[in-house]
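Step one of this worksheet: look at the structure below.
Owing to the predicted nature of the structure, the values given are computational and were not obtained by experimental measurement.
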Amino acid sequence: MLALAINLLFAIAAAAATFSLVDSALKAGQAYAMLMRERALMGAGFTMQVDPREVRLRAAARHAGAVILPRRSPMLRPLPALARGVA
């Protein structure tokens, strides 16, 4: 009975891995087809424009508990080195 349960567990894990690989392959194929279409358009002289819905600005850190890092202070100029033998 234990061997049957272990075999069933391995079969379920193998099926899940197979479905995951198939899903990734389908998504990769779609992404590749889109890239090739964009390449053909760019080769024809068209420029791709990003849709406004795809442009995302980073939100300011306003949430409770958010850490805001201090800005770096401006670098100080190095002092001139004294020549040798000068007291």
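The line from CG of Leu2 to CG of Asn7 is 9.5 Å long, rounded to the nearest 0.5 Å. To the nearest 0.5 Å, atoms CZ (Arg39) and OH (Tyr32) are separated by 7.5 Å.
A donor-acceptor distance shorter than 3.5 angstrom exists from the side chain of Ser24 to the backbone of Ser20, with no hydrogens or angles considered.
The hydrophobic cluster containing Phe19, built from Ile/Leu/Val/Met/Phe/Trp/Tyr side-chain heavy atoms closer than 4.5 Å, comprises no other residue.
Residue-environment remark: CE (Met36) exceeds the threshold of 12 foreign heavy atoms within 6.0 Å.
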